[in-house]
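Along the sequence shown, residues are numbered consecutively beginning with 1.
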Amino acid sequence: MAISAGIDCSTQNTRIVVCDTDTGAVLRESRAPHPGAAAAGSSVAEIDPQSWLRSLGAAADGGMLEGVRAIGVSAQQQGVLVQDAGGVLVRPALLRADPRAAGAAAHLVSELGGPGAWAEAVGGVPTTGSTVAKLRWLAEHEPMSAHRVAEVLLPHDWLVWQLLGHPARRTTDRGDASGTGYWSSATGRYRGDLLTLALGHEAAVPEVLDPSEAAGHSPEGLLISAGTGSTMATMLGLGLEPGDAMVSLGSNGTIHAVHDKAVIDPSGMVTSFADATGRHLPQVTTLNAARVLQATAELLRTDASGLSDLALRSTPGSYGLVLLPYLEGERTPRLPHAAGTLAGLRIESMRPEHLARAAVEGMLCGLADALDVLRDHGVTVRRVFLTGSAGRLAAVQSIAPLILGVPVVVPAPGDYAAIGAARQAAWALADTALPPAWPLRDAVTIDPGEDVSVGRAIRQQFAAVRAQAHPELS
C-alpha cells in the first residue's frame, strides 16, 4: 500500500487528507486556519501568502505526512500572485472574492469587442473574480507594482513551487489555468495578448502540465503532482464522469458539468472551464440560491432548518404559490435588474409552510433552468451531485430530484477538494492512463422515480409565471 496526501488551501484554512492510493480510504486528516484570514472576509480580499505556508506547517504537524510518497495541491481559484524578475512577491496575493476589479472586468470586455469575443478567445467572459480582471485593476490602480511584475502565478502554482523548493520551472494545470481569462480550454494554449491587454506588458506564465504529470519532487524526495483549482479537485474527489453535474448551493447556485469538449457560448452565459482529467467543465451560475432560503426563513421568523421543516409540511406545487427567486437580479436567465415575484396568493395558500416550499421550489426551478442552458449547448446531464450549505437541508434533498428530473447524489460530509488532490497525487505516482478508481463512500442517491411528472408540472407552473412577469425572455 502506498500513501498520498492532498492539500487544499481555501480562503480560510489549509486542510490535509492522507489516503491509501489503492482504495482512496482516508487514513488521516487535519486542518489549520490561515493567520490573518479574517482580513480575507473584508471588502478587500488580499492576504500575505506566507500565511498559507504557516497554516500548512501547522496542519502537517504531528506526523501527518509520515509515510506519504506523493502530494497534490488544491487551492482557491482565480486569485493572483505577481512576482518580479527575482521571484520576489510584488504585493500580497489578490483573492477571488476581491470586489475591486468589477470596473476592470467591464473595461476588458468592451476593449476586446464584447462577451462573444471573449467567449471565442478563452471560453468565458471576464468577471469581477477573474484573474485577468485583477491584473487590469493592478495596472490601473497600482501602476508601479504592475510595472515590476515579471511573472503571474495562481495560488496553487505558488504553493507547488514552494513545495518543490523554488525551482526555475513554474507549473500549473489546465483546470486552474482555464479560470485565468488568458488560457483557452478549447485550444489548450495561453493567450498572451490578453494578459498583455490586462497588465500592460508581457509577463511569464507557468507551464501547463498534463493531468497525470508530476510537477517534480520536493527536496525531501516526495513526488508533487500538477495540482489544480478547488472546483476541479472537488469533482475529482467525488469521482464525477461525463453525464454528471455538480450543483453547489452557496449564496449563489453554481453548476459544473463534466463534458468531453469545450463549450463556446457567445452570450457568455456558459463559461468553459477545463477539469483535472483532460475533460471540460462548462459552468452556469444563478445569483439566487441559499440566500433565497435565508431571506424567506427570516421573513417567517425561523432559520434554515425551520424553513426546511415547514416546506416538508406543504405539498408539491406549494398550494399554487410560485416564487420567482430573482431577489438580487439574475444571471441565468439574464435579468440583471429584476426583483422577485410571488404569485398565486389565495386564502388557502397564505400559510408559512406553503411559502417555505415555494421558496425551495423556486430556487430549484431556477437551477433546473440553468441545467437546461447546459443541455441546449449539447451537454448531457443524467445525474446531479448536490453540495453546499443549502444542499444539506432535508427539504432541498427531497424536492431536488423532482424539479431537476434526474437522480440526485448527496455525498457524505468530507474534504473532497483535498481528497481530489490526493487522488491526483496517487495518479501521478502510479503513472497510469486513468486516475485510480476510488469509490465514493456513504453517499445517498435519491431517484425521482414516477414523481418526475410532478416535477414537470411544478416547472410548467413556474415557467408560466415567469413568462407573464418577464415577457422579454420570450
Side-chain angles (χ1 to χ4, degrees), residues 9 11 14 34-37 39-40 44-57 73 75-98 100-101 103-105 107-108 122 126 128-173 176-183 189-209 215-216 218-219 224 226-227 229:
C9 178
T11 56
T14 294
H34 300 323
V44 176
E46 58 181 59
I47 194 169
D48 178 359
Q50 292 297 327
S51 67
W52 301 337
L53 299 181
R54 290 193 287 272
S55 63
L56 174 56
V73 176
Q76 52 198 287
Q77 295 157 230
Q78 295 184 317
V80 63
L81 296 95
V82 287
Q83 299 191 152
D84 65 17
V88 177
L89 283 166
V90 170
R91 66 171 329 280
L94 293 167
L95 305 183
R96 180 178 185 175
D98 191 329
R100 294 175 293 183
H107 296 160
L108 287 170
V122 291
T128 303
S130 300
T131 308
V132 71
K134 292 180 176 64
L135 293 177
R136 168 55 69 87
W137 177 87
L138 189 67
E140 291 177 346
H141 294 274
E142 298 181 8
M144 293 183 66
S145 293
H147 183 72
R148 292 177 53 203
V149 174
E151 64 175 339
V152 179
L153 300 173
L154 303 174
H156 113 256
D157 308 341
W158 187 83
L159 285 166
V160 166
W161 185 61
Q162 296 292 325
L163 291 175
L164 292 174
H166 303 172
R169 180 194 191 205
R170 275 53 155 178
T171 62
T172 190
D173 91 300
D176 218 0
S178 66
T180 60
Y182 47 83
W183 186 88
R189 292 193 294 271
Y190 280 112
R191 284 291 302 265
D193 58 320
L194 299 182
L195 189 154
T196 300
L197 176 67
L199 186 60
H201 61 85
E202 295 181 355
V205 288
E207 176 186 346
V208 180
L209 301 179
S218 72
I224 310 297

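The side-chain hydrogen bond (donor to acceptor under 3.5 Å, both in side chains) check on S55 picks up T14, H34, with sequence neighbours excluded. D193 is linked by a side-chain hydrogen bond (donor to acceptor under 3.5 Å, both in side chains) to R191, counting only residues two or more places apart in sequence or in another chain. Among residues two or more places apart in sequence or in another chain, the side-chain hydrogen bond (donor to acceptor under 3.5 Å, both in side chains) test is passed with S218 by E220.
The shortest side-chain heavy-atom distance between H156 and C9 does not fall under the 4.5 Å cut-off. Side-chain contact between L159 and D157 is absent, with no heavy atoms from C-beta onward closer than 4.5 Å. Side-chain contact check for R54 versus S51: some heavy-atom pair is nearer than 4.5 Å.
Atom CD of Q83 is separated from atom CD of E151 by 4.5 Å, given to the nearest 0.5 angstrom. The distance from atom CD1 of I224 to atom CG of L164, rounded to the nearest 0.5 Å, is 5.5 Å. One finds the CH2 atom of W158 at 9.5 Å from the CG atom of L153 (value rounded to the nearest 0.5 Å).
A donor-acceptor contact shorter than 3.5 Å links the side chain of W161 to the backbone of P167. Between the side chain of K134 and the backbone N or O of G129, at least one donor-acceptor pair lies under 3.5 Å. Listed for the R91 side chain is no donor-acceptor partner under 3.5 Å among the backbone atoms of L89. A donor-acceptor pair under 3.5 Å links the side-chain atoms of Q78 to the main chain of G179, judged by distance alone.
Considering all non-hydrogen atoms of both residues, A85 and A150 come closest at N-CB, 3.5 Å. For P49 against A93, the heavy-atom pair with the smallest separation is CD-N, 4.0 Å. A203 and V152 get closest at one heavy-atom pair: CB-CG2, 4.1 Å. Across R136 and A104, no two heavy atoms sit closer than the pair CG-CB, 3.5 Å. Shortest non-hydrogen contact noted between A226 and D173 is CB-CB, 4.1 Å. Among all heavy-atom pairs drawn from I47 and P35, the shortest one is CD1-O, 4.3 Å.
No donor-acceptor contact under 3.5 angstrom links the side chains of W52 and Q162, judged on distance only. Between the side chains of H107 and E140, a donor-acceptor pair is found at a separation under 3.5 Å.
Screening L197, T180, L194, L195 for a side-chain contact (heavy atoms from CB on, under 4.5 Å) involving L135 leaves a single residue, L195. Each of T172, D176, V160, L154 was checked for a side-chain contact (heavy atoms from CB on, under 4.5 Å) with P206, and the lone residue meeting it is T172.
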From CA spacing to verdict: side-chain contact (heavy atoms from CB on, under 4.5 Å), L56, L163: CA-CA 11 Å; L56 174 56; L163 291 175; 4.1 Å; yes
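Residue H201 places its NE2 atom among more than 12 non-hydrogen atoms of other residues, nucleotides or ligands, all under 6.0 Å distant.
Look at E207 and R169 and you find a salt bridge, because one of the NZ, NE, NH1 or NH2 atoms lies within 4.0 Å of a carboxylate O, short of that distance. For E46 and R100, the salt-bridge test passes: some basic side-chain N is under 4.0 Å from an acidic carboxylate O.
Using bins of under 30°, 30° to 60° and over 60° for the plane-to-plane angle, the ring pair Y182/Y190 lands in the parallel bin.
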